[in-house]
J.: 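Take this structure first; my questions come after.
Chain A is the first sequence line, chain B the second, and so forth, proteins listed ahead of strands; every chain is numbered from 1.
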Number of protein chains: 2
Amino acid sequence: MNKKIPQPTVIRFCSIYQLLCNLEKEGVKKVSSAELEEKTGVPSHTIRKDISFIGEVGNTGSGYEVAKLKQHILNNLGLNRERKACIVGLGRLGSGIIQWPLLAEGEFRIVAGFDSNINTVETIKTSISVFPSHEIADVVKRMGIELGIIAVPPARAQEVADRLMEAGVKGIVNFAPAIIKSRRDDCFIRNMDIGGELRILSAMMGMRSQ
Amino acid sequence: MNKKIPQPTVIRFCSIYQLLCNLEKEGVKKVSSAELEEKTGVPSHTIRKDISFIGEVGNTGSGYEVAKLKQHILNNLGLNRERKACIVGLGRLGSGIIQWPLLAEGEFRIVAGFDSNINTVETIKTSISVFPSHEIADVVKRMGIELGIIAVPPARAQEVADRLMEAGVKGIVNFAPAIIKSRRDDCFIRNMDIGGELRILSAMMGMRSQ
DNA sequence: ATTTTCTTGTGAAATATATCACAACAATAT
DNA sequence: ATATTGTTGTGATATATTTCACAAGAAAAT
Ligand SMILES: NC(=O)c1ccc[n+]([C@@H]2O[C@H](COP(=O)([O-])OP(=O)(O)OC[C@H]3O[C@@H](n4cnc5c(N)ncnc54)[C@H](O)[C@@H]3O)[C@@H](O)[C@H]2O)c1
Ligand SMILES: NC(=O)c1ccc[n+]([C@@H]2O[C@H](COP(=O)([O-])OP(=O)(O)OC[C@H]3O[C@@H](n4cnc5c(N)ncnc54)[C@H](O)[C@@H]3O)[C@@H](O)[C@H]2O)c1
């Protein structure tokens with residue numbers, strides 16, 4: 001363990017973590033790599049290899065304890081403290097998302113919203129604080145915000161991302177159908193675009209092989 | 001060209017396609033692999049290697065014509081005809097998504113919605129047809145629907161996916177925070193979960209290296 | 001006309017990831 | 001007690017992907 005964890009492994013861990021949360025809610029106590037394969041489609045030897053990067057945590061002969069494996073992933077992925085997030089763009093999508101200020105299983109909390117339209121800022125009804133977007137730098141630093149969610153029109157996405165990075169945000173989820181680039185090697189970006197996902201599916205369908 | 005296109009290449013093409021659409025709207029006519037690197041962060045040699053899988057399309061010395069490269073990707077990814085999609089789960093998220101029946105740049109059209117709550121089906125105000133979810137198999141076959149979007153609670157996601165696959169859907173975008181598995185090798189699944197994306201960012205942040 | 005500057009396309013090499021195969025051990029059955 | 005079955009963890013191997021390096025050709029400059 002403690003070697004560098006491959007990126008595909010990190011991404012699978014995040015899926016498996018969600019699965020473990022759901023299993024725990026169902027009252028499942030133990031799970032084997034074969035059962036995880038059955039539920040995720042990821043081959044059991046890949047799952048075991050993944051887990052080997054974060055140390056021995058299973059029981060030879062009887063598999064993994066759900067709670068223990070979950071906690072182990074939590075610790076190794078740095079999810080064991082709540083991180084603060086903000087959202088930029090309070091239109092239809094953004095104002096929907098802030099209705100769930102707690103995200104994932106409570107590992108993230110949206111604490112601030114921004115919009116360039118002062119009218120939106122003044123009239124929106126929400127439980128979190130909202131600000132005009134020229135206050136991004138101030139508020140992000142003051143509140144210790146580490147993550148940003150972008151829900152502005154595509155043509156504005158890169159400039160908003162640049163501002164968030166400038167303010168010190170270290171991770172960005174972008175909902176705009178625009179490819180935005182990290183200009184800092186200490187900030188990571190994930191794009192979430194339903195159109196893009198449909199294109200990927202469409203292309204895979206045309207090639208008949210996962 | 002015409003070899004099997006690697007999956008990471010397919011995914012990058014989908015990003016680059018969106019970028020080319022946006023560039024075209026801005027009136028940009030030509031672009032080089034170095035400029036694409038500047039805009040996406042993907043190294044120029046990777047971009048050129050990717051493009052080499054779909055044949056020669058650039059001009060030595062002067063780069064790529066935006067319209068031509070875009071069309072070339074469109075053809076090779078099988079995006080050159082509109083595909084029909086349906087959405088299952090017409091709650092807050094699902095009823096929001098059907099307000100945009102045309103997705104991506106018009107390559108996809110949502111033509112039907114389903115919900116298990118008959119009251120929702122009867123009262124929802126929308127321009128697309130809605131049905132109780134026991135009619136999934138019928139409607140999917142009748143309308144020639146190829147893609148499904150899942151927006152039901154996580155505990156219901158796998159059963160809905162199974163029904164869609166049974167009905168003949170070949171690609172699924174899942175918004176529920178649940179890992180769902182394809183039980184058929186001719187159906188592909190993409191999960192879109194903001195919580196999962198935040199976890200991935202969080203993990204990357206903890207490891208300081210993309 | 002000739003030189004210089006760009007740029008693509010692609011085999012070859014390097015790196016990263018996934019798969020295999022099995023020793024080691026625990027649980028269960030006989 | 002012993003045999004059988006089930007399961008993990010991990011080196012070794014195979015496969016996939018990325019990066020490199022440069023020939024070849026077009027455009028621009030001189
Ligand atoms: N709504 C959806 O279901 C959906 C689906 C797919 C993609 N998207 C994408 O998500 C993004 C948001 O969609 P939407 O429907 O909420 O759009 P919207 O037009 O309703 O809202 C955009 C908001 O961003 C604000 N804004 C604009 N420029 C800004 C800036 N520079 N700084 C801060 N705020 C700014 C606007 O004032 C507005 O409130 C868009 O990029 C859209 O393409 C949305
Ligand atoms: N709303 C968001 O912004 C958001 C954010 C993150 C994740 N999600 C996820 O997206 C999914 C939908 O969220 P939502 O807020 O729209 O939930 P919701 O409760 O508002 O809507 C769910 C809808 O699904 C229907 N449904 C339930 N079981 C069904 C079945 N078996 N077949 C067909 N329809 C069924 C319900 O009748 C309801 O209309 C959930 O999994 C949620 O966790 C939503």
J.: Quick one: is D/dG9 close enough that its OP1 or OP2 comes under 4.0 Å of any side-chain N or O from A/Tyr64?
T.: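 Affirmative; the distance criterion is met.
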
J.: Would you mind reading off the distance between B/His45 atom NE2 and C/dA12 atom C1', rounded to a whole angstrom?
T.: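 Taking atom C1' of C/dA12 as the reference, NE2 of B/His45 is at 14 Å.
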
J.: Could you tell me whether B/Arg163 and B/Glu166 have a side-chain N and a carboxylate O separated by less than 4.0 Å?
T.: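 No.
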
J.: It should be established whether B/Thr46 places a side-chain nitrogen or oxygen under 4.0 Å from OP1 or OP2 of nucleotide D/dT19.
T.: yes

J.: What's the closest nucleotide to the side chain of A/Glu56 if the choices are C/dT17, D/dG9, C/dG11?
T.: D/dG9

J.: Rounded to the nearest angstrom, tell me the gap between atom NZ in B/Lys30 and atom P in C/dT8.
T.: 10 Å

J.: Determine the contact category for A/Val57: base if any of its heavy atoms lies under 4.0 Å from a base atom, sugar-phosphate if only primed atoms, P, OP1 or OP2 are that close, otherwise nothing.
T.: sugar-phosphate

J.: Between P on D/dG9 and CG on A/Leu36, what's the gap in Å once rounded to a whole number?
T.: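 From A/Leu36 CG to D/dG9 P: 12 Å.
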
J.: From the list D/dA24, C/dT19, D/dT19, which nucleotide is the closest neighbour of the side chain of B/Thr60?
T.: D/dA24

J.: Whole angstroms only, please: what is the CD-C1' distance between B/Gln7 and C/dA18?
T.: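 Answer to the nearest Å: 14 Å.
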
J.: Measure from the side-chain heavy atoms of B/Ser32 and tell me the nearest of C/dT8, D/dG6, D/dG9.
T.: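 That would be C/dT8.
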
J.: Quick one: which of D/dG6, D/dC22, C/dA18 gets closest to the side chain of B/Arg48?
T.: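 In terms of side-chain proximity for B/Arg48, the closest of D/dG6, D/dC22, C/dA18 is D/dC22.
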
J.: Nearest to the B/Lys49 side chain among D/dG6, D/dT19, D/dT17, which nucleotide is it?
T.: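 The answer is D/dT19.
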
J.: Take atom NE2 of A/His72 and atom C1' of D/dT8, then tell me their distance rounded to the nearest Å.
T.: 14 Å

J.: Are any of B/Arg12's side-chain N or O atoms less than 4.0 Å away from OP1 or OP2 of D/dT17?
T.: no

J.: Between A/Gly61 and A/Ile51, name the one whose nearest nucleotide on DNA chain D is closer to the 5' end.
T.: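 Comparing both residues, the 5'-ward one is A/Gly61.
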
J.: CZ of B/Arg109: more than 12 outside heavy atoms within 6.0 angstrom?
T.: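 No - once you tally the heavy atoms of other residues, nucleotides and ligands closer than 6.0 Å, there are 12 at most.
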
J.: Could B/Glu146 and B/Arg81 be called an ion pair, given the rule that one side-chain N must be under 4.0 Å from one carboxylate O?
T.: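 Answer for the salt bridge query: yes.
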
J.: Round to a whole Å and report the spacing from CD of B/Glu38 to C1' of C/dC6.
T.: 17 Å

J.: Quick one: which of C/dA18, D/dA27, D/dT19 gets closest to the side chain of B/Ser62?
T.: D/dA27

J.: Check the distance between D/dT7's C1' and A/Glu37's CD and give it to me in whole angstrom.
T.: 14 Å

J.: So what does B/Ser33 touch, heavy atoms closer than 4.0 Å: a base, only the sugar-phosphate, or nothing?
T.: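 Contact class for B/Ser33: sugar-phosphate only.
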
J.: State whether the side chain of A/Lys170 and the backbone N or O of A/Asp186 hold a donor-acceptor pair below 3.5 Å, judged by distance alone.
T.: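 Looks like no, no N/O pair under 3.5 Å.
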
J.: Measure the distance from CG on B/Asn59 to C1' on D/dA28 and round it to the nearest whole Å.
T.: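 About 15 Å, once rounded to whole Å.
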
J.: Give a yes or no on whether a salt bridge exists between B/Arg183 and A/Glu38, defined as a side-chain N under 4.0 angstrom from a carboxylate O.
T.: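 Between A/Glu38 and B/Arg183 there is a salt bridge, with a charged N closer than 4.0 Å to a carboxylate O.
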
